[in-house]
2 protein chains.
Amino acid sequence: MQKKNPVQCQFVVALDSIVGKWKPIILYHLLQGKPLRFNELRRLLPDITQRMLTLHLRELEQEEIVKRVIYPQIPPKVEYSITEYGMSLSPILETLHQWGVAHIERKQLKKTENEQTETD
Amino acid sequence: MQKKNPVQCQFVVALDSIVGKWKPIILYHLLQGKPLRFNELRRLLPDITQRMLTLHLRELEQEEIVKRVIYPQIPPKVEYSITEYGMSLSPILETLHQWGVAHIERKQLKKTENEQTETD
DNA sequence: TGCTATAGTATAAAAAAAGGTACTGTAATG
DNA sequence: CATTACAGTACCTTTTTTTATACTATAGCA
C-alpha cells in the first residue's frame, strides 16, 4: 500500500476492511444483529456468487470483524455474525450511509436544476 | 451496483467517492487546505503515475469534491483544491483514519501476544 | 432410487483497475 | 541550441477483482 505517511493517512486501512463489491452489504445485513447462515446471506444477496460470498466472509473473519461458527451437523450449518470488535465499524458505516444518501439527493437536485435551465 | 435496498444500504455511494487506490491520500493532502498544483501532488505521491493522478482527480472533480482551476499561462498552471462540498467528507475520513490506526494497533497487539505464547 | 438442501471448493474466463512508456506544445533557462 | 518544467493524453500491458460453471459429501424425503 502506501509507503509514505506512516501514521498521518490511515483511512486506507479502514477502507480495506470495508471495501470489496459485496462487503458493505454483507456487513449491513449482519449488523442487523441476527446471526445468518451461509445460504441465508445468499438469499439476501441474490446476485452474489458462492465464491465471492465465501471469499468476502473469509476476509472479514480474518480481520475478526465477523465470527464463523460451525455446527457439526449434516447437512452442514454455519452461522455468521458480527463480532463485538466488528460492531466498532457500525458508526463508520452509518456515517458513510448518511453521506451517501445526501450525495444521491444532491445529484438529483443538480440534475433537475439542469433540466429546468435547459427547458427555459 | 446494488439492485436491492434502495435507501437502506447507501455506504457504497460514499465509498465510491473515496475508493480508488490513490483517492484517500489525494484527499488527505488536499484537505490540508492549500490548493495544490498537479505536479505538487505528484511530488507528494511519488509512486503515482501521471495517468492515475489525472484519472482520480477527474473523478473527484466530477463529483464536485475537488475543484480544478486552470490559469491560462505557459507553462500551464492548474490548481486543485477541495470544494466546500468536499469538506463534508472530512469527518468521514477522520473517523476512518482513527479506526485504521486502532485497527493496526490491535493487529500488532495480537501479533506480539502470539509471539509470547509461542516462546513460552 | 432420485431429488433436495447444506456449505462450500476448483478452475477458467471476463471485467475492471492500475501501471508503464512515450509523446504533445510552449516558454524560460543555461 | 538543448534542456527543463508544466499538465497533461494515447496506447498498451499487467495485475487484481469479479463472475461463471461445474463439482464435492452427506442426510432426509418421496
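What you see is a predicted model; the values in this text were computed from it and never measured. Letters A, B, ... mirror the listed sequences (proteins, then strands); counts begin at 1.
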**OP:** Examine C:dA16: is either OP1 or OP2 under 4.0 Å from a nitrogen or oxygen in the side chain of A:K21? Give yes or no.
**Re:**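 Checking A:K21 against C:dA16: no side-chain N or O falls below 4.0 Å of OP1 or OP2.
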**OP:** For C:dG8, take OP1 and OP2 only and decide whether either is under 4.0 Å from a side-chain N or O of A:R58.
**Re:**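 Looking at the OP1 and OP2 atoms of C:dG8, one of them is under 4.0 Å from a side-chain N or O of A:R58.
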Integer-rounded Å distance: [N] [atom2] and [X] [atom1]:
{"X": "A:I48", "N": "C:dA7", "atom1": "CD1", "atom2": "P", "value": "14 Å"}
{"X": "A:I74", "N": "C:dA5", "atom1": "CD1", "atom2": "C1'", "value": "12 Å"}
{"X": "A:L36", "N": "C:dG8", "atom1": "CG", "atom2": "P", "value": "13 Å"}
{"X": "A:L57", "N": "C:dT9", "atom1": "CG", "atom2": "C1'", "value": "15 Å"}
{"X": "A:E40", "N": "C:dG8", "atom1": "CD", "atom2": "P", "value": "13 Å"}
{"X": "B:L53", "N": "C:dG19", "atom1": "CG", "atom2": "P", "value": "12 Å"}
{"X": "A:F38", "N": "C:dT6", "atom1": "CZ", "atom2": "P", "value": "11 Å"}
{"X": "A:R37", "N": "C:dA5", "atom1": "CZ", "atom2": "P", "value": "13 Å"}

Original post:
Which residue lies toward the 5' end of DNA chain D, A:P75 or A:H56, if each is placed at its nearest nucleotide?
Top reply: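 Nearer the 5' end of the strand: A:H56.
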Original post:
Of A:P76 and A:R51, whose closest DNA chain C nucleotide lies nearer the 5' terminus?
Top reply: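 Going by which nucleotide is closer to the 5' end, it is A:P76.
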Original post:
Would A:H29 and A:E40 satisfy side-chain hydrogen bond (donor to acceptor under 3.5 Å, both in side chains), going step by step from the backbone distance to the final call?
Top reply: CA-CA 10 Å; A:H29 286 297; A:E40 283 183 304; over 6 Å; no
**OP:** Answer with base, sugar-phosphate or nothing: what part of the nucleic acid does B:Y71 contact at a heavy-atom distance below 4.0 Å?
**Re:**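 Answer is nothing: B:Y71 stays at 4.0 Å or more from every strand.
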Kindly indicate whether the side chain of [X], heavy atoms from C-beta on, has any atom under 4.5 Å from the side chain of [Y].
{"X": "B:V13", "Y": "A:V101", "value": "no"}
{"X": "B:Y28", "Y": "B:L93", "value": "no"}
{"X": "A:T54", "Y": "A:R51", "value": "no"}

Original post:
A:N39 side chain: which of C:dT6, C:dG8, C:dG19 is closest?
Top reply: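 Closest nucleotide among those given: C:dT6.
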**OP:** Decide if atom CD of B:Q62 counts as having more than 12 heavy atoms of other residues, nucleotides or ligands within a radius under 6.0 Å.
**Re:**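 No, because the 6.0 Å sphere around CD of B:Q62 holds 12 heavy atoms or fewer from other groups.
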**OP:** Can you spot which of B:E59, B:E63, B:K23 makes a side chain to side chain donor-acceptor pair (under 3.5 Å) with B:S17?
**Re:**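 By the side chain to side chain donor-acceptor pair (under 3.5 Å) criterion, B:S17 pairs with just one of B:E59, B:E63, B:K23: B:E63.
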Subject >> DNA chain D: 5'-most and 3'-most nucleotides touching chain A, 4.0 angstrom heavy-atom criterion >> reply: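 First and last nucleotides in contact are D:dT18 to D:dA27.
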Under 3.5 Å, sequence neighbours excluded: what are the donor-acceptor pairs made by side chains of residues 65-76 of chain B?
{"from": "B:R68", "atom 1": "NE", "to": "B:Y80", "atom 2": "OH", "distance (Å)": "3.1"}
{"from": "B:Y71", "atom 1": "OH", "to": "B:E79", "atom 2": "OE1", "distance (Å)": "3.2"}

